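Structure first, then comments.
The structure presented is a predicted model; accordingly, all values stated were derived computationally and were not measured. The figures here come from the full heavy-atom set of this structure, side chains too, leaving out hydrogens, waters and symmetry mates. By convention in this document, chain letters (A, B, ...) are assigned in the order of the sequence lines, proteins followed by strands, and residues within each chain are numbered from 1.
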Number of protein chains: 2
Amino acid sequence: MAKDQIQEACKNCSEEINSFCSILCEHPEVQKSCITFKKGQLLFHEDTNPKGVYCINSGKIKIYKTSLDAKEHIISIVGTGALIGFAPIIAEGTHEISAKALEECHVCFISRKDFLKVLQTSPELKLKLLKEACKRNGGIIESLFNIAVRPVKDRLAVCLLMLKEVYNNSNTASPVEINLTREEISSIVGTSAETVVRLLKEMERDNLIQITGRKILITNEAKLFKIGKIY
Amino acid sequence: MAKDQIQEACKNCSEEINSFCSILCEHPEVQKSCITFKKGQLLFHEDTNPKGVYCINSGKIKIYKTSLDAKEHIISIVGTGALIGFAPIIAEGTHEISAKALEECHVCFISRKDFLKVLQTSPELKLKLLKEACKRNGGIIESLFNIAVRPVKDRLAVCLLMLKEVYNNSNTASPVEINLTREEISSIVGTSAETVVRLLKEMERDNLIQITGRKILITNEAKLFKIGKIY
DNA sequence: CGCAGCCTTGAGCAGTATCAAAGTCGGTGG
DNA sequence: CCACCGACTTTGATACTGCTCAAGGCTGCG
């Protein structure tokens, strides 16, 4: 039964034409394996050698770095369609970051060797990866900038909007259940869990959001945008 | 005479085999132009459309982003051999960052059109850029992380070591003249100019460095490494 | 000589972190 | 079904880092 699940999950990955996964998986020489990661399981850890790339079929994965005091600092949260783990293979280094499943995830794994084989032969993949890397660059610079110059509240606003984006595949209007602890939110925003609690409460008082446990309902998106100064 | 200078500067750019500049400039279809930027001149500004790529022959250039309060926040300082401005062309967006000459700089400019032409035809360039982009990614993540979790003093230590690296082409032992104002140093470290002054003084008291105007001599590199927690 | 830009120093303050102690919630085993 | 446990959240008090503002000093240049 577990096997069936895996098979089914993996059919999807070739569905979206021209996705990373389809390019990689369709390649005749590629031996992909489909893996299920349970909530909390590690895909890979920073400073280790990259074994291959991971193409996410379903589920959310947090990308983070660990500080000396063992705290996790989340850099991004990715979901269906994302390809992760390729940068250190190309840069010929070790993983800069760690990746952990936030919920049950189905993932295609392609070994380093196979990945490089495809990369050699496919100008298409090369270009697509290049584009992806350049875009990410911009994204990380943006985060860097945010954390360097903006107060916590602004960053939290940006974070909530981002999370809504990520958790709202269903595209329904508003009630987004964010399955993250306050601790995890704080590690995205770059602050302490207590500060997150206080600011969320403040935002609720100001009618920007409504909180029910972990469910955060954005009631005034426009104002959040304004706080986050996103144009 | 200005013309001569330019010509001479531009011969160099093909010297280092397999550099970005040589790959681009040697290409038959590329019409490169060699430009001299005076200290303080802008190569390009964030949020503008990328006109082309810049290959740095000589001089230092600061890469930064401007905050709403019009302060510059330096992301990196690059010198000879660097290629800048390609990311937004590839990602099909606008410049994420600005670039300004910190001193007189000689630069090869290759237009967007020519750059894309070479990119199409050269798998070599594609791969090299991909590698470069992936490496930068790692670098920016590292900075992001630093600024998010480390106290100012640690970051300043890292910054000094970085600056020594950048300004020390000559590889002489120690006395590095860093031609930056305190303000500029502060905008690398992500703090205020006053804090930089105070911390530099503190470091001098602790015999880590010696200050003579803008000249900063690193007298105890090992300890600086330790403060910066660089292994 | 005087001005402009930069550096330095001090004092006060704001934003956040940290620590400690309750309070809540969901699940588990009796 | 209840009581309890552990993990998470909330709240309050306190402390600290680093910013801002203001004033004065230095240096190089016109």
Side-chain angles (χ1 to χ4, degrees), chain A residues 39-40 62 67-74 100 102-103 146-160 163 177-206 209-217 227-229, chain B residues 39-40 62 67-74 102-103 145-160 177-205 209-217 227:
Chain A
K39 177 177 171 167
K62 68 173 167 183
S67 54
L68 290 175
D69 55 355
K71 267 192 204 155
E72 294 176 358
H73 301 267
I74 297 177
K100 190 186 273 183
L102 281 171
E103 52 193 49
N146 276 343
I147 227 163
V149 310
R150 300 230 185 122
V152 176
K153 191 173 178 183
D154 296 13
R155 271 142 52 197
L156 180 58
V158 175
C159 171
L160 290 178
L163 288 175
E177 167 128 35
I178 298 168
N179 208 2
L180 297 174
T181 66
R182 298 287 185 255
E183 185 84 33
E184 278 170 323
I185 294 179
S186 79
S187 83
I188 298 174
V189 177
T191 185
S192 67
E194 293 93 326
T195 299
V196 168
V197 169
R198 285 185 248 267
L199 290 179
L200 283 178
K201 190 137 286 190
E202 193 184 319
M203 287 177 170
E204 192 173 32
R205 254 206 317 280
D206 298 347
I209 58 175
Q210 231 169 300
I211 306 170
T212 322
R214 286 201 186 162
K215 206 167 297 191
I216 296 174
L217 171 71
I227 292 176
K229 285 164 200 84
Chain B
K39 177 178 170 166
K62 67 173 167 184
S67 53
L68 290 175
D69 57 354
K71 267 192 203 156
E72 294 175 358
H73 301 267
I74 297 177
L102 281 171
E103 52 194 49
F145 188 65
N146 276 342
I147 227 163
V149 310
R150 300 230 186 122
V152 176
K153 192 174 180 182
D154 296 14
R155 272 143 50 196
L156 180 58
V158 175
C159 171
L160 290 177
E177 166 130 33
I178 298 169
N179 208 1
L180 297 174
T181 66
R182 298 287 185 253
E183 185 84 33
E184 279 170 323
I185 295 179
S186 77
S187 83
I188 298 174
V189 177
T191 185
S192 67
E194 293 93 326
T195 300
V196 168
V197 170
R198 284 184 248 269
L199 289 179
L200 283 179
K201 190 135 288 189
E202 193 183 320
M203 286 178 172
E204 191 173 34
R205 253 207 317 282
I209 59 175
Q210 230 171 303
I211 307 171
T212 324
R214 285 199 187 162
K215 207 166 296 193
I216 296 175
L217 172 71
I227 292 176

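Counting heavy atoms from C-beta outward, D69(A) and V149(B) have side chains that stay 4.5 Å or more apart. Looking at L200(A) and L160(A), their side chains come closer than 4.5 Å, going by heavy atoms from C-beta outward. A heavy-atom distance below 4.5 Å is found between the side chains of E184(A) and L102(A).
Across all strands, T191(B) comes closer than 4.0 Å only to sugar-phosphate atoms, never to a base (heavy-atom distances).
Here the side chain of E194(A) is nearest to one of dG12(D), dT20(D), dC19(C), namely dC19(C). The side chain of T181(B) lies closest to dC7(C), out of dC7(C), dT10(D), dT9(C). The side chain of V197(B) lies closest to dT8(C) when the candidates are dC8(D), dG12(D), dT8(C).
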Can you pull every protein N or O that's under 3.5 Å from an N or O on nucleotides 22-27 of chain C?
none

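At dT9(C), one or more side-chain N or O atoms of K201(B) fall inside 4.0 Å of OP1 or OP2 (strictly under the cut-off). In this structure, R182(A) reaches the dT10(D) phosphate: one of its side-chain N or O atoms is under 4.0 Å from OP1 or OP2. Between R198(A) and dG12(D) there is no side-chain N or O to OP1 or OP2 distance below 4.0 Å. Between T195(B) and dT17(D) there is no side-chain N or O to OP1 or OP2 distance below 4.0 Å. The phosphate of dT18(C) has OP1 or OP2 within less than 4.0 Å of a side-chain N or O from K71(A).
Side chain of R155(A) to main chain of R150(A): a donor-acceptor pair is present (N/O by atom type, distance under 3.5 Å, no hydrogens or angles).
Closest non-hydrogen pair, A157(A) versus M203(A), comes out as N-CE, 3.9 Å. K201(A) and I211(A) get closest at one heavy-atom pair: N-CD1, 4.3 Å.
Rounded to whole Å, the distance from CD on E202(B) to C1' on dT17(D) is 12 Å. In this structure, CD of E183(B) is placed 11 Å from C1' of dC7(C), rounded to the nearest angstrom.
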